[in-house]
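The structure appears below as structure tokens.
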Amino acid sequence: MLRIYGWKRSRVVRCMWVMEELGLQYEQIPLNPNEGQTRTADYLALNPQGKIPTLVDDDFVLSETMAINIYLASTFPGSLWPATAQGVAKMQQWTSWAISELEPPLVAMMREGRRPKEQIDQSRIDGWRADVHRMVDAVLEPILGRQEHLLPDAGFSLADLNVAAVASVMPVFEISLSGHPHTDRWMKRCFSRDAWRRVMDGP
């Protein structure tokens, strides 16, 4: 059975979403890094960085969420993996954009918010929030105004899942999509999927 290490207050939910979409049997081991559970000798033997998530498939061990997602979707049968080489390339393009462009300002807001209240720079948070709005408006709105999913004629794919998984934290930072109607509808479709609900409703 597949094993995925990491508590659900982390990027592990991205990998669990893929496994639920594919109908895979897996065990989630909810390690809490705040309690030192990722610094044990056994876990460091799997992931020397002591970070989550880590996937174990028999004797194959893999870390980094998007690498895990690509491995799962390409290895196990299902509709998430694009049917053509061009589709795969576009999926990788969207995945790269999600983690290199969309995620950094979200992570920056999270880190700023963890500072002592008197040290938080609200202007920096406002700037990062504005960056996210600009990216959504320039990149996601046009394509989602033309088609329901990020890959044309592919239906819901790993491209949608990877981008939506990164964007799922937007409400935490009070980033409303009301001004981006096409993206808003797409996000609601993604998060109404049964697989995502199983991840969120599970223990």
Side-chain angles (χ1 to χ4, degrees), residues 6 8-18 20-21 51-53 62-74 80-82 86-115 120-152 154-193 195-196 199-200:
K8 284 174 62 174
R9 291 180 58 189
S10 75
R11 294 179 176 93
V12 75
V13 296
R14 302 175 183 178
C15 306
M16 292 173 65
W17 189 2
V18 171
E20 290 289 346
E21 290 282 354
K51 295 183 177 182
I52 50 177
L62 187 64
S63 60
E64 302 297 335
T65 53
M66 296 310 185
I68 292 170
N69 282 4
I70 287 171
Y71 169 74
L72 291 169
S74 64
L80 292 180
W81 193 251
Q86 290 182 342
V88 171
K90 279 292 187 180
M91 176 276 296
Q92 292 173 331
Q93 171 190 294
W94 281 113
T95 299
S96 296
W97 177 80
I99 59 177
S100 65
E101 300 294 333
L102 183 60
E103 188 166 45
L106 297 171
V107 171
M109 281 187 276
M110 176 192 68
R111 289 176 175 165
E112 187 71 19
R114 287 178 175 174
R115 293 160 62 90
I120 293 176
D121 187 337
Q122 187 60 45
S123 66
R124 287 163 62 87
I125 293 175
D126 292 342
W128 288 316
R129 188 179 289 120
D131 288 342
V132 172
H133 281 294
R134 280 194 292 270
M135 281 188 281
V136 170
D137 199 49
V139 178
L140 291 177
E141 275 295 284
I143 194 164
L144 292 170
R146 300 192 300 269
Q147 56 201 50
E148 288 196 353
H149 302 286
L150 294 177
L151 301 186
F156 182 83
S157 73
L158 190 62
D160 299 284
L161 189 152
N162 284 346
V163 175
V166 170
S168 66
V169 299
M170 286 184 183
V172 175
F173 305 113
E174 300 178 353
I175 298 174
S176 170
L177 291 174
S178 59
H180 314 287
H182 303 305
T183 305
D184 187 41
R185 285 192 291 272
W186 168 78
M187 289 270 284
K188 287 174 179 174
R189 288 196 301 271
C190 290
F191 297 128
S192 68
R193 296 181 65 82
W196 175 257
V199 172
M200 292 293 100

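Since the model is a prediction, treat every value here as computed from it, not as a measurement. Heavy atoms only: backbone and side chains are in, while hydrogens, waters and symmetry mates are out. Quick note: residue numbers are just sequence positions, from 1.
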Trace of the side chain to side chain contact (heavy atoms under 4.5 Å, CB included) decision for W128 with L106
CA-CA 7 Å; W128 288 316; L106 297 171; over 6 Å; no
Validation row: [X], [Y] side chains within 4.5 angstrom (heavy atoms):
| X | Y | answer |
| --- | --- | --- |
| K51 | E64 | no |
| T65 | P53 | yes |
| V12 | I52 | no |
| D160 | L80 | no |
| R14 | V166 | yes |
| S168 | F191 | yes |

Once side-chain hydrogen bond (donor to acceptor under 3.5 Å, both in side chains) is applied, do any residues pair with [X], and if so which ones, sequence neighbours excluded?
| X | value |
| --- | --- |
| S74 | none |
| R189 | none |
| S192 | none |

Donor-acceptor contacts under 3.5 Å from residues 90-97 side chains, at least two apart:
residue, atom, partner, partner atom, Å
T95, OG1, M91, O, 2.9
T95, OG1, N162, ND2, 2.9
S96, OG, Q92, O, 3.0

M170 vs L102, test: side chain to side chain contact (heavy atoms under 4.5 Å, CB included). Steps then yes/no.
CA-CA 10 Å; M170 286 184 183; L102 183 60; 3.9 Å; yes
Closest approach of [X] to [Y] (non-hydrogen atoms, all atoms of both residues):
| X | Y | value |
| --- | --- | --- |
| V18 | A73 | CG1-N, 4.4 Å |
| G113 | I120 | O-CD1, 3.8 Å |
| P104 | S100 | CG-O, 3.4 Å |

Determine, stepwise, if the pair M109 / V169 fulfils side chain to side chain contact (heavy atoms under 4.5 Å, CB included).
CA-CA 11 Å; M109 281 187 276; V169 299; over 6 Å; no
With sequence neighbours left out, write down each residue that passes side-chain contact (heavy atoms from CB on, under 4.5 Å) with A195, or none if nothing qualifies.
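By the side-chain contact (heavy atoms from CB on, under 4.5 Å) rule, A195 matches W17, E20, E21, R198.
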Can you confirm whether more than 12 heavy atoms, excluding those of Q86, are under 6.0 Å from its CD atom?
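No - once you tally the heavy atoms of other residues, nucleotides and ligands closer than 6.0 Å, there are 12 at most.
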So with a 6.0 Å cut-off around CZ of R111, is the heavy-atom count from everything else above 12?
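Check fails, neighbour count at 12 or below.
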Check residues 129-141 and write down every donor-acceptor pair under 3.5 Å in which the side-chain atom is one partner and the other belongs to a residue at least two apart or another chain.
residue, atom, partner, partner atom, Å
R129, NE, F173, O, 3.0
R129, NH1, D126, OD1, 3.2
R129, NH2, F173, O, 3.0
D131, OD1, R134, NH2, 2.2
H133, ND1, H180, NE2, 2.9
E141, OE1, H182, N, 3.4
E141, OE2, H182, N, 3.1
E141, OE2, T183, N, 2.6
E141, OE2, T183, OG1, 2.7

Calculate, to the nearest 0.5 Å, the distance between atoms [atom1] and [atom2] belonging to [X] and [Y] respectively.
| X | Y | atom1 | atom2 | answer |
| --- | --- | --- | --- | --- |
| N69 | C15 | CG | SG | 4.5 Å |
| E112 | S123 | CD | OG | 8.0 Å |
| L144 | W186 | CG | CH2 | 6.5 Å |

